[in-house]
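All of these numbers come straight from a predicted model, not from anything done at the bench.
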Amino acid sequence: AGDKRIVNETLAGADLKATAIARLYKAEGGQWHFMSMGAAALAKDPQSNVYYMHIVDLHTSEVPLVEEVYKNFIYTVTTPFMHCFEGQKD
C-alpha cells in the first residue's frame, strides 16, 4: 500500500492504468547498466490523452524515466523478467 501511495502522489493527476515493481537498465557500449529500482507505471495524461511509461524511485520519489508510448511503439519481452524498448537519449 505504501508503494502505491508513493506512485499516486508522485504522478498526481495522471490516470494510472497499470503498475509493477521494476528495475531500470540502460544499454550502452554493449553493456547493461543499472540505473534505478522502483515502480513502472503506465499512465494516461488526462489533458493530452497521451500514454506515458514512468519509472518512479520508491525511496526518493524521483522519476528517472518518462517515455511516451506512441503509435507503433516497439516493446519487446525478451524474457519474463526483461522488457526492452528504445528510449530517448539524455
Inset, instruction - Find the distance between CG (Asp15) and NZ (Lys17) and round it off to the nearest 0.5 Å. - result: 3.5 Å

Legend entry - Point-to-point distance, once rounded to the nearest 0.5 Å, from OH of Tyr25 to SG of Cys84: 11.5 Å

Distance-only donor-acceptor hits, side chain of residues 71-81, under 3.5 Å, sequence neighbours excluded:
unit_1: Tyr75; atom_1: OH; unit_2: His83; atom_2: ND1; d: 2.5
unit_1: Thr78; atom_1: OG1; unit_2: Met82; atom_2: O; d: 3.0
unit_1: Thr79; atom_1: OG1; unit_2: Phe81; atom_2: N; d: 3.3
unit_1: Thr79; atom_1: OG1; unit_2: Met82; atom_2: N; d: 3.1

Inset, instruction - Output the distance between atom CZ (Arg23) and atom OG (Ser36), rounded to the nearest 0.5 Å. - result: 11.0 Å

Report all side-chain donor-acceptor pairs from residues 38-59 shorter than 3.5 Å, counting only partners two or more places apart or in another chain.
unit_1: Asp45; atom_1: OD1; unit_2: Gln47; atom_2: N; d: 2.8
unit_1: Asp45; atom_1: OD1; unit_2: Ser48; atom_2: N; d: 3.1
unit_1: Ser48; atom_1: OG; unit_2: Val50; atom_2: N; d: 3.4
unit_1: Asp57; atom_1: OD1; unit_2: His59; atom_2: N; d: 2.8
unit_1: Asp57; atom_1: OD1; unit_2: Thr60; atom_2: N; d: 3.1

Legend entry - Rounded distance [0.5 Å steps], CG in Asn8 versus CG in Asp3: 11.0 Å

Legend entry - CD-NE2 distance between Glu28 and His33, expressed to the nearest 0.5 angstrom: 5.0 Å

Inset, instruction - Might you confirm whether atom CD of Glu62 has over 12 heavy atoms from other residues, nucleotides or ligands at distances under 6.0 Å? - result: no

